[in-house]
Amino acid sequence: MSRVFNFSAGPAILPETVLQRAKDEMLDWHGSGMSVMEMSHRGKEFQSIIDQAEADFRELLNIPANYKVLFLQGGGTLQFAMVPINLMGARKKADYIVTGAWSEKAVSEARRFGAVHIAASTKAEKYTHAPSQAELDLSPDAAYVHLCTNETIHGVEFFGVPQTGDIPLVADMSSHLLSRPMDVSQYGLIYAGAQKNVGPVGLTAVIVREDLIGHVLPGMPLMLDYATHAHHGSMYNTPPTYAIYIAGLVFQWLKDLGGLTAMEKINVAKAKVIYDAIDNSGFYVNPVAKPDRSRMNIPFTLPDAALDAEFLAGAKERGIQQIKGHKSVGGMRASIYNAMPMAGCQALADYMTEFARIRG
Ligand code: PMP
């Protein structure tokens with residue numbers, strides 16, 4: 001068996017030790033005689049799995065006691081709707097900061113439920129930076145302010161937290177949650193589809209301040225009300241049990257590694273290897289303003305798109321896979337989530353340098 005260096009933006013690489021443990025426990029979880037996939041979500045075995053997962057998640061992110069953790073389905077995309085449905089309230093108006101394709105999508109959905117004010121957009125400069133506080137045009141009467149703290153396609157990450165006073169800040173952290181410590185108390189709500197940096201697809205994590213629960217727009221399905229899930233411990237209906245179990249193993253892996261401070265150090269070093277290969281090449285280009293460059297998703301272009309196929313073929317020979325860029329920006333994209341080892345980043349950087357030397 002040989003595993004490739006998988007640079008997919010998601011579903012994405014998982015820690016090998018997690019996969020190995022899942023394999024070992026596949027047929028008989030802890031003497032239960034069953035796979036986790038075969039267990040009732042109402043049994044004590046699964047209850048212990050979800051309780052441990054939530055406890056570890058809370059510990060890793062230092063989540064304050066007045067926040068609920070919800071393990072939902074529907075992906076980041078359903079949160080684009082659930083956020084306005086639950087948070088618009090009587091104000092029926094929200095501010096959106098638009099820094100790339102994903103925050104744009106969030107806006108399209110929110111417009112179905114209320115007025116959207118664009119507090120900042122970097123579209124005119126092709127989504128290449130994260131706006132500073134001074135660039136934000138915030139409304140005094142918005143129900144909340146939404147942003148995507150890591151744009152998976154454009155590779156723009158917020159390293160500061162916009163200040164919005166009493167107005168709750170809502171963040172789509174789908175592609176960088178758990179990549180570094182986050183001050184949860186600065187946000188009203190955080191959400192993330194798991195399939196990038198947290199676990200397998202099928203699970204969506206929501207962290208929500210308790211006072212923001214219980215204000216759903218009238219006429220909405222119970223499944224779209226955060227209160228339904230909060231009051232039933234994420235088990236109003238059958239939760240994505242296997243995805244929760246694997247995410248729980250990822251949380252344990254992160255704790256064993258030393259938590260998010262240790263993880264951040266590793267991620268900083270990994271990203272540097274690839275950005276250095278870009279910046280020192282005179283060949284590859286990453287257009288994002290340096291202070292706002294994502295540590296998780298690194299898009300880059302070659303000087304001529306005609307070289308892309310050859311670059312990809314050579315990468316594949318070296319076990320470097322799923323590195324083709326998103327069609328809207330072209331070129332390549334290296335997604336280097338927590339589970340990508342330094343050896344993978346080094347292999348990619350070495351290959352990039354070699355390719356640039358031959359073709360540059
Ligand atoms: N937000 C971000 C930042 C994403 O990267 C994605 C998926 N690539 C989504 C939301 C949508 O997630 P899902 O496919 O889980 O609905």
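This one's a predicted model, so the numbers in the text were calculated from it and none came from an experiment. Both ligands and their constituent atoms are indexed starting at 1 by order of listing.
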Flag for [Y]-[X]: side-chain donor and acceptor within less than 3.5 Å:
X: His117; Y: Asp137; result: yes
X: Asn6; Y: Gln322; result: yes
X: Asn286; Y: Arg293; result: yes
X: Ser328; Y: His326; result: yes
X: Arg21; Y: Gln252; result: yes
X: Glu135; Y: His129; result: yes

Where's the contact between [X] and ligand 1, heavy-atom distance under 4.0 Å: side chain, backbone, both or neither?
X: Gln195; value: side chain
X: Cys148; value: side chain
X: Asp172; value: side chain
X: Lys105; value: neither

(request) Grab the two heavy atoms, one from Gly193 and one from Ser174, that are nearest each other, plus how far apart they are. (result)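 Scanning both residues completely, I find the closest heavy atoms to be N-OG, 3.2 Å.
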
(message) Regarding Glu157 and Arg295, does a basic nitrogen lie under 4.0 Å from an acidic carboxylate oxygen?
(response) no

(message) Check this for me, if you would: do Glu354 and Arg318 make a salt bridge, where the nitrogen-to-carboxylate-oxygen distance has to be below 4.0 angstrom?
(response)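 Salt bridge present between Glu354 and Arg318.
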
(request) Starting from atom 8 (N) of ligand 1, locate the nearest protein heavy atom and write down its residue, its atom name and how far away it is, to 0.1 Å. (result)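 Of the protein heavy atoms, Lys196 NZ, 2.8 Å lies nearest.
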
Could you tell me, atom by atom, which parts of ligand 1 come under 4.0 Å of a heavy atom of [X]?
X: Gly75; result: 15 (O), 16 (O)
X: Ser174; result: 1 (N), 2 (C), 3 (C), 10 (C)
X: Thr152; result: 2 (C), 3 (C), 4 (C), 5 (O)

(message) For atom 11 (C) of ligand 1, tell me which residue out of Thr77, Ile153, Thr149 has the closest non-hydrogen atom.
(response)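 Selected option, by shortest heavy-atom distance: Thr77.
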
(request) Check whether any N or O atom of Gly76, backbone or side chain, sits under 3.5 Å from an N or O atom of ligand 1, and answer yes or no. (result)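 Yes, since at least one N or O of Gly76 sits under 3.5 Å from an N or O of ligand 1.
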
Is [X] near ligand 1, meaning one of its heavy atoms is under 4.0 Å from it?
X: Gln79; answer: no
X: Asn150; answer: yes
X: Met173; answer: no

